[in-house]
Amino acid sequence: MRTRLLTAAMTLCLSACGGGGGNPGAGGAPSTPPVATGGNLDAYAGTWTSACTSHAVDTAVIQRVPGSTTALTIGVTTNYYANTTCTGDVIATQVWSADTTATYVGSVTSSITPGPGQAAIAATVDKVTTQVPQRGVTLTGTFVSHKIIDGQPNWCVDYAGGSVCVPDRIYESGTAPFDGLYAHGGDLYEVKSNGTNFDAVEHFTKR
């Protein structure tokens, strides 16, 4: 599994995923407290895809929780490709046995830094609390092998130039590496407070 996702998986044992990746910025509340407005959770429902990173593309399926006005489920599937441009046939697919739940707690007017050296985006961020249940991970595909590394089972995706692996074990429950969501047009950001504003943890586009 690519380095970003493996790091996220270990962080969730981390503590988890959603989907997804690194954790720029330190935790902490933004300077303006959230305002409980109900949010627009329908804006997040649907299927979203990440950019190609190191052979892999994440697909996040976000759904409203039936009977709840504040909760979403986020399920992330990762497809791996033989080349670094993520074109051609999928050689491996990674799925988790359970989804992350994100619960809306309020909205805050702030800004998002999409990445290093990029200009901040003015945004109304929907703050959330997250819960990643205890779960396992499975990889399938013709380029997937099951290996014992340092005495522990791992799923490995084998490329022409090497392989990446993710431990095959039960991951304990915890929190995801983001505490806010922002959707605008066809873009979705999972974000993390850095104490002043928010840093983007993951960027998806609507499919």
Side-chain angles (χ1 to χ4, degrees), residues 2-5 7-8 11-12 14-54 56-65 68-78 85-86 99-132 174-207:
R2 56 182 167 166
T3 301
R4 179 175 61 78
L5 292 179
T7 300
T11 299
L12 290 175
L14 249 175
S15 57
C17 169
N23 212 3
S31 56
T32 304
V35 177
T37 62
N40 181 20
L41 299 189
D42 287 336
Y44 302 110
T47 301
W48 306 80
T49 57
S50 73
C52 173
T53 304
S54 186
V57 173
D58 291 338
T59 298
V61 176
I62 303 179
Q63 303 178 75
R64 298 291 298 264
V65 174
S68 172
T69 60
T70 59
L72 300 166
T73 58
I74 304 173
V76 177
T77 299
T78 303
T85 59
C86 299
D99 296 339
T100 295
T101 299
T103 302
Y104 172 80
V105 295
S107 300
V108 60
T109 300
S110 186
S111 63
I112 295 169
T113 302
Q118 298 184 38
I121 301 170
T124 298
V125 174
D126 289 322
K127 292 278 291 178
V128 295
T129 58
T130 61
Q131 178 62 41
V132 182
T175 57
F178 63 92
D179 59 14
L181 297 169
Y182 173 65
H184 180 72
D187 293 303
L188 167 66
Y189 292 91
E190 293 178 346
V191 299
K192 180 73 174 178
S193 172
N194 60 25
T196 302
N197 45 38
F198 293 86
D199 294 316
V201 172
E202 182 66 280
H203 174 215
F204 296 94
T205 56
K206 195 72 175 281
R207 195 167 74 181

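Residue numbers count from 1 along this sequence. Given the structure is predicted, the values throughout are model-derived calculations rather than measurements.
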ask   = How far does CD of Gln63 sit from CG of Leu41, to the nearest 0.5 angstrom?
value = 13.5 Å
note = For Pro114 and Ala120 the tightest heavy-atom approach is CD-CA, 4.4 Å
remark   = In Asp42, Thr69, Thr73, Thr70, the residue satisfying side chain to side chain donor-acceptor pair (under 3.5 Å) with Arg64 is Asp42
ask   = Considering all heavy atoms of both residues, which atom of Thr196 and which atom of Ser110 are nearest to each other, and what is their separation?
value = O-OG, 4.2 Å
remark   = Of all heavy-atom pairs linking Val201 and Phe178, the shortest is CG2-CB, 4.4 Å
Pairwise side-chain contact, Phe204 with Ile62, heavy-atom cut-off 4.5 Å (strictly under) = no
message = Just so I know, are the side chains of Val128 and Thr103 near enough to count as touching, which here means a heavy-atom distance under 4.5 Å?
response = no
request  = To the nearest 0.5 Å, tell me how far Thr49 OG1 sits from Lys206 NZ.
outcome  = 11.0 Å
key: Partners passing side chain to side chain donor-acceptor pair (under 3.5 Å) against Ser111 (at least two apart in sequence or in another chain)   = Asn197
remark   = Note: Asp99 and Gly75 closest approach over all heavy atoms is OD1-CA, 3.3 Å
task = List the atom of Val191, the atom of Phe198, and the distance in Å for their closest heavy-atom pair.
result = CG2-CD2, 3.7 Å
task = Please check if the side chain of Tyr44 supplies one atom and the backbone of Leu181 the other of a donor-acceptor pair under 3.5 Å.
result = yes
task = Specify the closest pair of heavy atoms between Thr53 and Cys86, including all atoms of both residues, with the distance to one decimal.
result = N-SG, 4.4 Å
inquiry  = Would the distance check show the side chain of Ser50 and the main-chain N or O of Asp58 forming a donor-acceptor pair, the cut-off being under 3.5 Å?
reply    = yes
ask   = With side chains defined as the heavy atoms from C-beta onward, is the minimum distance between Leu188 and Thr205 less than 4.5 Å?
value = no
query = Is there side-chain contact between His184 and Tyr189, with at least one heavy-atom pair below 4.5 Å?
reply = no
key: Rounded distance (nearest 0.5 Å) linking atom CD of Glu190 with atom CH2 of Trp48   = 11.0 Å
message = Is any side-chain heavy atom of Tyr104 closer than 4.5 Å to one of Leu72?
response = no
Pairwise distance CD1(Ile112) to CG(Asn194) - rounded to 0.5 angstrom = 11.0 Å
Donor-acceptor contact present, side-chain Ser193 to main-chain Gly195, <3.5 Å = yes
